[in-house]
Amino acid sequence: MAFPYMEAVVGFMILMYFFETYLDLRQHAALKLPSLPKTLEGVISQEKFEKSRAYSLDKSYFNFVHEFVTILLESAILFYAMLPWFWKKSGSFLVLVGLDEENEIFHTLAFLAGVMIWSQITDLPFSLYSTFVIEARHGFNKQTTWMFFRDLFKGICLSILLGPPIVSAIILIVQKGGPYLAIYLWAFMFVLSLVMMTLYPVLIAPLFNKFTPLPEGELREKIEKLAYSLKFPLKKLFVVDGSTRSSHSNAYMYGFFKNKRIVLYDTLIQQCKNDEEIVAVIAHELGHWKLNHTMYSFIAVQILTLLQFGGYTLVRNSTDLFRSFGFDTQPVLIGLIIFQHTVIPLQHLVSFGLNLVSRAFEFQADAFAKKLGYGSALRAGLVKLQVNY
């Protein structure tokens with residue numbers, strides 16, 4: 001008797017849903033506490049604390065509903081064999097438009113197009129409610145309905161433009177990879193990640209936001225001085241118009257080797273009237289670079305990716321695995337989807353470990369900024385970021 005892979009996957013998904021909901025309920029109960037934590041006394045006012053708490057509670061309620069609907073849909077899709085049904089329907093659609101349903105690339109692209117439409121339909125109500133109800137209620141949303149749907153349209157267009165060549169390449173690699181399939185897949189994804197990391201800030205991000213050089217002045221001088229003191233190869237310093245969509249604020253850096261760039265949200269500049277607070281936040285980010293956190297994270301992702309592809313090559317020809325999920329054929333994309341579902345237990349363990357590492361990295365970056373003399377300013381800046389997050 002074949003092992004019931006699908007039932008085991010659905011069962012574990014539901015088990016993890018209940019466990020994570022239990023954790024969310026504990027956090028929700030903590031958010032209901034009306035008193036200002038002692039560590040924040042004298043740092044923020046009771047009024048700001050109440051506003052932040054109300055926003056967090058609204059997001060918590062929303063998360064309960066969203067997660068319930070998500071687990072309901074995902075479990076139903078697997079349990080009632082909707083994936084194989086939709087795969088067959090996508091093949092029938094190809095025949096209807098005069099294309100060969102036996103062509104796996106065409107079949108896969110038709111399947112993904114349908115999945116994208118389904119995802120947009122199911123996700124749209126939640127996105128609209130989150131943006132125009134919760135975010136607007138608490139004064140964070142700044143974008144119009146037109147801007148929302150324009151960004152949505154741009155995202156769909158990018159998926160249509162970039163998705164087919166990437167998916168086609170993956171299918172061809174799997175079909176012709178032979179015994180070194182895992183290495184070929186990893187190498188392709190490695191090169192793809194480097195290309196996307198290079199092109200995204202230059203070609204894709206500007207489609208959604210406007211990036212302008214930070215004007216000459218005291219703030220720019222302080223950031224450049226900090227970067228120079230740490231030997232950070234800062235080439236460009238930008239301000240992004242985050243305020244056109246939200247009043248949330250942040251700062252980040254990107255780039256390879258000697259071509260680094262720092263981006264400040266205009267909301268960060270508006271909310272932190274003191275330049276030292278902004279520089280302190282940048283010092284925290286530069287701490288991640290100086291302590292090689294970004295490199296360590298990148299290496300960890302590459303190792304995990306290689307291991308995942310290695311695991312996929314071991315099960316991709318398992319007839320029992322495909323049949324358990326309702327498939328009588330073994331398409332490449334479906335194999336990847338099924339494999340991702342079967343390793344969910346391991347993914348949760350890995351995710352837990354990575355969260356612990358990420359938490360440690362954040363503390364180390366804080367300590368780095370404090371060592372540079374930005375302790376008080378960093379505290380004030382991070383509090384403002386959190387209150388307005």
Side-chain angles (χ1 to χ4, degrees), residues 20-69 123 125-145 147-148 151 208-209 219 239-252 263-285 355 358-359 362-363 365-366 369-370 374-389:
E20 290 175 355
T21 300
Y22 163 73
L23 296 180
D24 289 339
L25 285 170
R26 288 174 58 90
Q27 180 63 26
H28 188 81
L31 290 172
K32 283 188 171 182
L33 298 175
S35 57
L36 185 68
K38 291 185 178 180
T39 53
L40 294 179
E41 290 179 359
V43 179
I44 64 172
S45 65
Q46 183 68 30
E47 180 184 4
K48 283 188 176 181
F49 171 73
E50 289 294 338
K51 288 181 178 179
S52 178
R53 189 172 70 93
Y55 174 58
S56 297
L57 282 171
D58 273 359
K59 289 200 301 181
S60 180
Y61 284 120
F62 173 80
N63 181 67
F64 285 130
V65 176
H66 187 217
E67 291 301 313
F68 175 75
V69 173
D123 290 344
F126 291 103
S127 297
L128 288 171
Y129 187 86
S130 175
T131 302
F132 295 103
V133 177
I134 295 179
E135 296 293 312
R137 178 186 298 160
H138 296 277
F140 290 121
N141 179 52
K142 302 300 179 183
Q143 64 180 323
T144 62
T145 306
M147 186 180 293
F148 176 90
D151 286 350
F208 299 90
N209 290 99
L219 176 59
V239 176
V240 61
D241 63 338
S243 59
T244 59
R245 288 169 175 77
S246 172
S247 60
H248 295 306
S249 57
N250 206 346
Y252 64 92
V263 178
L264 304 176
Y265 278 59
D266 57 354
T267 48
L268 177 65
I269 298 175
Q270 295 164 9
Q271 293 163 7
C272 295
K273 302 301 182 181
N274 184 346
D275 287 351
E276 286 299 311
E277 294 176 2
I278 300 174
V279 178
V281 172
I282 299 301
H284 169 94
E285 296 300 325
N355 283 338
S358 177
R359 181 179 172 86
E362 291 301 321
F363 285 132
D366 287 343
K370 182 180 179 181
Y374 294 103
S376 299
L378 178 65
R379 182 189 186 194
L382 292 180
V383 167
K384 288 181 179 178
L385 282 175
Q386 184 61 35
V387 169
N388 295 286
Y389 183 65

Within the structure provided, determine whether [X] and [Y] are in side-chain contact (heavy-atom separation under 4.5 Å).
X: E135; Y: Q143; value: no
X: R245; Y: D151; value: yes
X: H28; Y: F64; value: yes
X: K370; Y: Y374; value: no

Can any side-chain N or O of [X] pair as donor or acceptor with the backbone N or O of [Y] at less than 3.5 Å?
X: T131; Y: S127; result: yes
X: D266; Y: S243; result: yes
X: R53; Y: L31; result: yes
X: D58; Y: I134; result: no

Minimum heavy-atom separation for [X] to [Y], with atom names?
X: T145; Y: F132; result: CA-CZ, 3.7 Å
X: F126; Y: F62; result: O-CZ, 3.5 Å
X: V281; Y: A251; result: CG1-CB, 4.4 Å
X: Y61; Y: K32; result: OH-CE, 3.7 Å
X: L268; Y: L264; result: CD2-CD2, 4.3 Å
X: T244; Y: M147; result: O-SD, 3.5 Å

Under the ring pair (Phe, Tyr, Trp, His ring centres under 6.0 Å) test, residues paired with F49 that sit two or more places apart: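 F49: no ring pair (Phe, Tyr, Trp, His ring centres under 6.0 Å) contacts found.
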Can you sort out the partners of F208 under ring pair (Phe, Tyr, Trp, His ring centres under 6.0 Å), two or more places apart, ordered by chain and number?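 Result, ring pair (Phe, Tyr, Trp, His ring centres under 6.0 Å) vs F208: none returned.
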Partners of E276 by salt bridge (charged side-chain N to carboxylate O under 4.0 Å, His left out), sequence neighbours excluded?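 For E276 the salt bridge (charged side-chain N to carboxylate O under 4.0 Å, His left out) partners, ignoring immediate neighbours, are K222.
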If you measure from [atom1] on [X] to [atom2] on [Y], what distance do you get to the nearest 0.5 Å?
X: L128; Y: F148; atom1: CG; atom2: CZ; answer: 4.5 Å
X: S35; Y: Q46; atom1: OG; atom2: CD; answer: 8.0 Å
X: I278; Y: L219; atom1: CD1; atom2: CG; answer: 5.0 Å
X: R26; Y: D24; atom1: CZ; atom2: CG; answer: 11.5 Å
X: N63; Y: Q27; atom1: CG; atom2: CD; answer: 11.0 Å
X: E277; Y: I269; atom1: CD; atom2: CD1; answer: 13.0 Å

Regarding Y265 and Q270, is there a side-chain donor-to-acceptor distance under 3.5 Å anywhere?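 Side chains of Y265 and Q270: no pair found under 3.5 Å.
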